[in-house]
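Quick notes on the structure that follows.
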Amino acid sequence: MDADSDVALDILITNVVCVFRTRCHLNLRKIALEGANVIYKRDVGKVLMKLRKPRITATIWSSGKVICTGATSEEEAKFGARRLARSLQKLGFQVIFTDFKVVNVLAVCNMPFEIRLPEFTKNNRPHASYEPELHPAVCYRIKSLRATLQIFSTGSITVTGILMSKNKYLTCWEYLTLEPVGLGKQDV
């Protein structure tokens, strides 16, 4: 592969986690008996509710806190959370949709080359840590962006960040390419 060729990286957001509150107490037994696509975990004190469109899974506690996972964009996460609040209202609860917040976003990218992890870690010691006995990837932390990258030797990179938008992901990739991180390209 030619080092001068520009390759567009596909950044794929795979999971968006959000939280919201209902500002009312929820009767989990009633949700389990009358709700659709529901799993009641009585021993843990929560209900799992799944929506088909958008495809999300919600964890509901009796305190009124709800965590939604599985969305592929921030807009889809908010739409799914509002749809879930509406379904709780239809069950008879006085739900008020408040305190919506995206708490985590996960994205993946594949580099067009392999990465030498020991060299990469040695060149980026304060930010990168690599323990091959514990995990097959380098953990690279960018404190200014509040992001964590899992970099695998195959060239696969997983980015996890709090309140990250598409612009921050692009900044994260620019940070990787502009900083002298020494990805250590291997000849394929």
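Here, residue 1 is the first one in the sequence, and each next residue gets the next number.
In terms of modelled atom types and a separation under 3.5 Å, the side chain of Arg83 and the main chain of Lys53 share a donor-acceptor contact. Ser156 places no side-chain N or O within donor-acceptor distance of the main-chain N or O of Phe152, the cut-off being under 3.5 Å. Under a 3.5 Å cut-off, the side chain of His25 and the backbone N or O of Ser62 do form a donor-acceptor pair. Under the 3.5 Å distance criterion, the side-chain polar atoms of Gln89 are matched with a main-chain donor or acceptor of Val95.
The minimum heavy-atom distance between Gly80 and Leu51, with the atom names listed, is O-CD1, 3.5 Å. Ala81 and Phe100 make their closest contact through CB-CE1, 3.9 Å (heavy atoms, listed as atom of the first residue, atom of the second, distance). Here the closest heavy-atom approach between residue Ala36 and residue Met49 is recorded as O-CG, 4.0 Å. Closest approach of Ile56 and Gly70 over heavy atoms only: CG2-C, 4.3 Å. When all heavy atoms of Leu28 and Gly45 are compared, the pair lying nearest together is CD1-O, 3.4 Å. For the residue pair Ala137 and Leu117, the shortest heavy atom distance occurs at CA-CD1, 4.5 Å.
You'll find the ring centres of Phe120 and Tyr130 outside the 6.0 Å limit.
In this structure, Lys46 fails the cation-pi test against Tyr40, since its NZ or CZ atom is not both closer than 6.0 Å to the six-membered ring centre and inside 45 degrees of the ring normal.
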> Which is it for Phe93 and Asn27 under the side-chain contact (heavy atoms from CB on, under 4.5 Å) test, yes or no, and what are the steps along the way?
Replying inline: CA-CA 9 Å; Phe93 298 105; Asn27 183 350; 4.0 Å; yes

> When you look at Ile13 and Asn15, which way does the side-chain contact (heavy atoms from CB on, under 4.5 Å) test go after all the steps?
Replying inline: CA-CA 6 Å; Ile13 297 176; Asn15 190 17; over 6 Å; no

>> Under the criterion side-chain contact (heavy atoms from CB on, under 4.5 Å), I'd like the reasoning laid out for Val159 against Val108: C-alpha separation, chi angles, the key distance, then a yes or no.
In response: CA-CA 6 Å; Val159 182; Val108 294; over 6 Å; no

>> One pair to check against side-chain contact (heavy atoms from CB on, under 4.5 Å): Leu88 and Ile31. What are the steps and the verdict?
In response: CA-CA 8 Å; Leu88 290 173; Ile31 295 171; 3.8 Å; yes

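Note that CG of Asn104 and CD1 of Ile67 are 11.0 Å apart. Values are rounded to the nearest 0.5 Å. Here Thr57 contributes atom OG1 and Ile39 contributes atom CD1; the two are 8.5 Å apart, rounded to the nearest 0.5 Å. The OG1 atom of Thr158 sits 6.0 Å away from the CG atom of Leu106 when rounded to the nearest 0.5 Å.
For NZ of Lys30, the number of neighbouring non-hydrogen atoms (other residues, nucleotides, ligands) closer than 6.0 Å is greater than 12.
The only member of Thr69, Val105, Val102 that meets side-chain contact (heavy atoms from CB on, under 4.5 Å) when paired with Val17 is Thr69.
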